[in-house]
Amino acid sequence: MNNLKLYTEVPLGLKLQSNSEALGFSAFDIERNRLFFVSSDNLVYTVHLSSFHEKGAWTKALASADVDNIDLEPGDIITSFDYLMEKEALIVGTLNGLLLLYSMDTNTTEVVGKVDGGIKCISPSPDGELLGIITGFVQILVMTHDWELLYETALMDLPEGLDVNENILPNRFEYNICWRGDGKYFATISDVGNSMPSLKQIKIWERDSGLLLASSEPKAFAGAVLEWIPSGAKIAAVYDRKVENGCPSIVFFERNGLERSKFSINEGNNAKVKELMWNCSSDLLAGIVECENYDAIKIWFSSNNHWYVKHEIRYAKQDNVRFMWNPTKPLQLICWTLGGQITVCNFVWVTAIAQDSTALVIDGCNIHVTPLSLSLMPPPMYLFSLKFPSLVQDMSVDCRNSKYHLAASLSDGCLCIVELPAVETWEELEGKEFDVEACHSETSFGSVLHVVWLDSHTLLAVSHYGFSHSMDFSKSSLNEGGFQGFYLQEIELECSEDLVPGILTCSGWHAKVSKQNSLEEVVISIAPNPASKHSAYIQFSGGKIFEYVTKFGSSRGSLEQELQNFSSSCPWMNVVLPGNGVASEPLLFGLDEIGRLHANGGIVCNNCSSFSFYSNLADEVITHLVFTTKQDLLFIVDIVDILSGDLDMKYGNFVQIGTRKREEEIRNCINIWERGAKIVGVLHGDEAAIIIQTIRGNLECIYPRKLVVVSIINALVQKRFKDALHMVRRQRIDFNVIVDYCGWQAFSQLASEFVSQVGNLSYITEFVCAVKNENVIEKLYKNYVTVPCPEGASIMQVGDLQHFPADNKVSSVLMAIRKALEDHITESPGRELCILTTLARSDPPLLEDALKRIKVIREMELSHSDEQRRLSYASSEEALKHLLWLADSDAVYEAALGLYDLNLAAIVALNAQRDPKEFLPLLQELERMPTLLMQYNIDLRLKRFEKALRHIASAGDAHFDDCMTLMKKNPQLFPLGLQLIADPAKRMPILEAWGDYLGDDKCFEDAATIYLSCFHLEKALKSYRACNNWSGVLRVAGFLNMGKEEVLVLAHELCEELQALGKPGEAAKIALEYCGDVNGGVNLLISARDWEEATRVAFMHRRQDLIKAVKDASLECAGSLISEYEEGLEKVGKYLARYLAVRQRRLLLAAKVQAEEQVPSDIDDDTASETSSNFSGMSMYTTGTRRNSAASVSSRATSKARDSRRQRKRGKIRPGSPGEELALVEHMKGMSLTVEARNELKSLLVCLVMFGEGETARKLQHMGENFQLSQIASVRLAEDTMSTDIINEHIHTLEHYTRKVRTEVQNSDAFSWRAKVFIS
């Protein structure tokens, strides 16, 4: 669904040497990009195509051309003409049979040879190796480029008795040679001997041997028009259908001579096709059609086996127009007239789908209209058609208002306007064709090149006047004033007919030119400003952008230079208003011919093939850019990312490289399954679809996940829950998106609105079944959600959530849905089943509540009391089956048992298809039991032990043993048992059993307390002793009235046990207080390094020997600590130096790896390399990246085993290992002084001062302080360098950080152990 648009047209005139001279033949030099024309006076004109690209080229009266003369004999004329690239010269054939080689560089003519009968046609093969010639004697000569004749054969079967040397060709242009694209075959068309003169035959010849390969049936071909498509699939010719009283048809033949297809040119019966020519890409067929009043160059295009007339350029008959395609540019057409007027026409394919997703396909005089938002109707089908007086050249639509306006410029210079009703009413127009009248105007509009709508009654157009194919220029008031060239003009529109709603307005339009600006440069494209009704953006050659602004009260508009220019000419240009809360300034997008997509003053992509825009609000505010690349990838880009410049970080170079960032690629990139497919349109809003068209012509509609999620989020923002649910179901999106976008708390408050909007209970049931306890927005769709939740939507009052379970999404949401169903949906069987679904799907399932509702329904059925209300509920059997379908049948059966309703349990078991042999004996046995015992046994079966204990405790004293057994098997029931049983005689066994359990569970403190409460002192003493609570042991010994000797023995035993456990401080207390052992107590205090307490006890007992022992021990400890701190300082420096070396080398390796991973932006799939960075697992000795290979891929079990080994070896530092950095840092952190070490150090300093060892104390404090400062500084330095990629040799040093730490932590708790008297 594309239209062929003529976007630039540059005419130039050749100054011929005489008035009677006329151009005849042409040739093209691909290497030097120049044209050759030969005139009737045997003059050769050379024109360079670059002269058509000069600024203001059309303003020149005549083109600069080199003129050369080819000397011929008097009366001899040129009959054929071409350029030989291998010889870099022109090959010329004459009427007298001369074959000349003319060199343009040396201006010399070489006679190659002479052919009897004259030369009628010369055609070089595509590869330049051979030259085909048709002589006047109906002979085909094929020779090499060295002029060696390969063979000669007759073109046609001559009648008997006819002399072959007689010139039988009736005119100059009756015969033709066309080659297949690969040069292997060539075709000719000639008369059929012994038949009617109007019958001709196509023959296909083999290149090397000259053998006739195939021939067509004799047909009434028109002239010698014959053209082989460059791809080689078919040969185009023309049928003359005058005998059938019909217009000519273009017919296609296969290589075997069989007719393949044909189509009518849809002109008058007297029309004639004079010439056909394919473009170099084989997709466009152009031809000259001679009509009654004019000659026209028509361009046809085939799609889905239908031939469209895509463009028409009309010329006066006296111009005798000719044309050729540029052999290197498939969309450049070069036309010229006999009088020397040359025009270079540049075409471009533009999408036929308007911004509102309406397809408007040009096909000759018709525009086929298809609203794709209503139906994706494949071409060539359409909804209805608009028929215009002549062929449509260009069009523009305005769909910004409720009405739909269409403007079309025609090939005869007329302008047509159509006003259509709203798109929603177009279904009534299906299959109809509407005739459109041309606008009434007193002046001509010239030949319109570009046209856009400014508002519903104003057009802005670029037109040209004074050229040979400006059909109505003689009527133009401008031409009468001597004006010529291109003009930018505003056209005011007015309709004289009454506008009827719902009806097309195709006539009665009047137009006049209100403002006019002359143009000095070539206009590439024009686009309206979506932010203003009185301005548009004009792109001139080179990508320069000007803004045109209407000036009221003036005859000219204003053109102002725009800051957003393109770096090159962009035939495809769009102006959009960006959305998502960004600036409202229009944003210009342009795509040039080499695939560079320009936007916001830069280049978005270097390999783009087509692009379009998507709006999630279905208006002119654009939120996403969608485009395809030459590698057949479809990308979806947020407009916000383009404005913020985050494209490289999020999307890379828009090139798929192996498996790089696979998740990112899936999110932003879609592989197009058919090569060459392009975007033709987008369905905006909730549809969220992209329409692409394949080369075959088929339309495909895809729904990218990114756009679908964005449209769902947009519906949720607007609280359109019904539309959001429909999109979720249609596109198979996780239902939890609806709940998780603003949080389940917010959705719970809006559950009633959700239920009211959706209304469909089946949809609500489906939604309820899909709710799960995870946030899909943060996991599954976190990369798709770019629109933040509106402020306040997720903030709820605490009181609003008091009825919902905390931190349980499923239960809270389903409770809110259930409440909304009960409050807003009338009673019905469907509502009851939906409520049962909310109960069954809760977390955990509320099966008992569901069974209670079913039980109520069954009781209503049995009672027959309220028949009307019973009909508003589902039957109990249906409800039970629904519940069994939703939940596990065993769980439902157990829930029924938990209700202690044996009849209900039996019904559930039967509907669950359980074996009666299994459940009937159990139910019968339970039925025979007393109620409490029945409940007790059911609770035991269901493992509801608390309820079982309550029931068995209520059953009487006879079942106390069962109570004890239950509590012993389930110790968590002991507190409840003590609450339920108040008899002191029964509570004691319970307490003792509880204490025994705690003792067995190693909870000796709690066991001892329990034993004390039930007066089992011996067990309490054992429990205290088991947990080394010597204080508790001695307290219980006092309660037991143990003797002094027994207590002393017990104290000695406890003292030894504490020493063995490494608790000398506590052992010292027992030795001093219970054993009276002063010597042993002081020695134990010294072992505990409690220096101050040891000194106090020694002085209290006035023991000089003990005082000396404490002094000697303190001096020895101080010396040992000083040595340790010196060694620690050395280790800190060594570890830090090693860390910095490892870190520096790793940073250098990271920079090297990153440099190797840089990929050029223009790389394609064939040259893309897979580079994976495994830097996080690199050793410091690694010199290159680790490539992915089969040997490097470990299994999951191997990975787990390796992780466990790392856990065991975490304390070790392995040089060169990947974790060496972290191991060094952790080791330095582990060298810090603990709280106990600081307390012991403070106590030792006090003791040394008391014993007069001030210098030793000063030295100890100095060494300890230096060690602590160095350790803290090294850790801080390591942490700072881990978070940066640069290591400064002057700043990142231990000395610098030590000074910094010293000033910061002087008064911190970490240094409170220091004695102020020694602080320097």
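Numbering starts at 1 and runs along the sequence shown. Atoms considered below: every heavy atom in the structure, side chains included; atoms not considered: hydrogens, waters and symmetry mates.
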Go through it in stages, so that I can follow the logic: the residues are Phe263 and Trp300, the test is ring-ring contact (aromatic ring centres under 6.0 Å, His included), and I'd like the CA-CA distance, side-chain angles, deciding distance and then a yes or no.
CA-CA 10 Å; Phe263 68 91; Trp300 292 275; 5.7 Å; yes
Between Leu284 and Leu4, does the side chain to side chain contact (heavy atoms under 4.5 Å, CB included) criterion hold? Intermediate values first, please.
CA-CA 10 Å; Leu284 293 178; Leu4 190 64; 4.1 Å; yes
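- In this structure a side-chain-to-backbone donor-acceptor pair under 3.5 Å is present from Lys5 to Leu449.
- Taking both residues in full, the closest heavy atoms of Ala27 and Tyr83 are given as CB-N, 3.8 Å, listed atom of the first, atom of the second, then distance.
- For the pair Met324 and Leu35, the minimum side-chain heavy-atom distance is below 4.5 Å.
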Between Gln393 and Ser409, is the side chain to side chain donor-acceptor pair (under 3.5 Å) condition met? List the steps.
CA-CA 6 Å; Gln393 282 190 323; Ser409 60; 5.0 Å; no
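- No hydrogens or angles considered: nothing links the side chains of Ser373 and Ser357 as a donor-acceptor pair under 3.5 Å.
- Pairing each heavy atom of Ser282 with each of Ser231, the nearest pair is OG-N, 3.1 Å.
- Using a 4.0 Å cut-off between a side-chain N of Lys or Arg and a carboxylate O of Asp or Glu, Asp182 and Arg180 qualify as a salt bridge.
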One pair to check against side chain to side chain contact (heavy atoms under 4.5 Å, CB included): Asn671 and Asp632. What are the steps and the verdict?
CA-CA 6 Å; Asn671 282 299; Asp632 297 311; over 6 Å; no
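- When all heavy atoms of Val523 and Ile538 are compared, the pair lying nearest together is CG1-CG2, 3.9 Å.
- In this structure the side chain of Thr623 never reaches within 4.5 angstrom of the side chain of Asp638, judged on heavy atoms.
- In this structure, the ring pair (Phe, Tyr, Trp, His ring centres under 6.0 Å) partners of Phe301, at least two apart in sequence or on a different chain, are Trp349.
- Closest non-hydrogen pair, Lys630 versus Cys608, comes out as CE-O, 4.1 Å.
- Both the sub-6.0 Å distance and the 45° axial angle are satisfied by Lys310 relative to the ring of Tyr308.
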Let me see the working for Leu587 and Leu643 under side chain to side chain contact (heavy atoms under 4.5 Å, CB included), right down to the final yes or no.
CA-CA 9 Å; Leu587 191 60; Leu643 295 176; 3.9 Å; yes
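- When atom types are taken as modelled, the side chain of Asn279 and the backbone of Asp283 share a donor-acceptor pair closer than 3.5 angstrom.
- In this structure, Arg34 forms no cation-pi arrangement with Phe28, as its terminal cationic atom is not both closer than 6.0 Å to the ring centre and no more than 45° off the ring axis.
- The ring pair (Phe, Tyr, Trp, His ring centres under 6.0 Å) test applied to Phe566 returns His598, not counting sequence neighbours.
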I'd like to know whether Asp363 forms a side chain to side chain donor-acceptor pair (under 3.5 Å) with His306, so could you lay out the CA-CA distance, the side-chain angles of the two residues, the decisive distance to 0.1 Å, and finally the verdict.
CA-CA 10 Å; Asp363 185 11; His306 176 78; 3.0 Å; yes
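- Side-chain contact check for Ile679 versus Val626: some heavy-atom pair is nearer than 4.5 Å.
- Taking CD1 of Ile712 as the start and CD1 of Ile733 as the end, the distance is 5.0 Å to the nearest 0.5 Å.
- With sequence neighbours excluded, the residues satisfying ring pair (Phe, Tyr, Trp, His ring centres under 6.0 Å) with His311 are Phe347.
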Would Val604 and Phe611 satisfy side chain to side chain contact (heavy atoms under 4.5 Å, CB included), going step by step from the backbone distance to the final call?
CA-CA 11 Å; Val604 175; Phe611 72 100; over 6 Å; no
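- Pairs of residues two or more places apart, or lying in two chains, that qualify as salt bridge (charged side-chain N to carboxylate O under 4.0 Å, His left out) and include a residue from residues 689-703 are Glu674-Arg696.
- Remark: Ser375 pairs with no residue by the side-chain hydrogen bond (donor to acceptor under 3.5 Å, both in side chains) rule, at least two apart or across chains.
- Residues Ile524 and Tyr7 have side chains in contact (heavy-atom distance under 4.5 Å, counting atoms from C-beta outward).
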Please report the C-alpha distance between Ser568 and Asp592 in whole Å, then the side-chain angles of each, then the deciding distance to 0.1 Å, and finally whether the side chain to side chain donor-acceptor pair (under 3.5 Å) criterion is met.
CA-CA 7 Å; Ser568 60; Asp592 59 21; 2.9 Å; yes
Audit row: Lys544, Glu521, salt bridge (charged side-chain N to carboxylate O under 4.0 Å, His left out) steps and yes/no
CA-CA 10 Å; Lys544 292 181 292 184; Glu521 296 185 55; 2.9 Å; yes
Go through the steps to decide whether Phe540 and Phe546 satisfy the test ring-ring contact (aromatic ring centres under 6.0 Å, His included), and finish with yes or no.
CA-CA 8 Å; Phe540 292 96; Phe546 284 77; 5.3 Å; yes
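- Closest heavy-atom contact between Leu625 and Ser612: CD1-O, 3.4 Å.
- Residue Cys335 comes nearest to Cys345 through the heavy atom pair SG-SG, 4.5 Å, listed as atom of the first residue, atom of the second, then distance.
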With side chain to side chain donor-acceptor pair (under 3.5 Å) as the criterion, how do Glu9 and Asn346 come out once you've worked through the C-alpha distance, each side chain's angles and the decisive distance to 0.1 Å?
CA-CA 6 Å; Glu9 185 178 24; Asn346 292 301; over 6 Å; no
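- Of the possible polar contacts, one joining the Ser609 side chain to the Thr628 backbone as a donor-acceptor pair under 3.5 Å is found.
- Considering Leu360, Val452, Leu406 as possible partners of Ser396, the one that fulfils the side chain to side chain contact (heavy atoms under 4.5 Å, CB included) test is Val452.
- Tyr382 pairs by the side-chain hydrogen bond (donor to acceptor under 3.5 Å, both in side chains) definition with nothing, not counting sequence neighbours.
- Two residues are said to be in side-chain contact when any heavy atoms from C-beta on lie closer than 4.5 Å; Ile636 and Leu707 meet this criterion.
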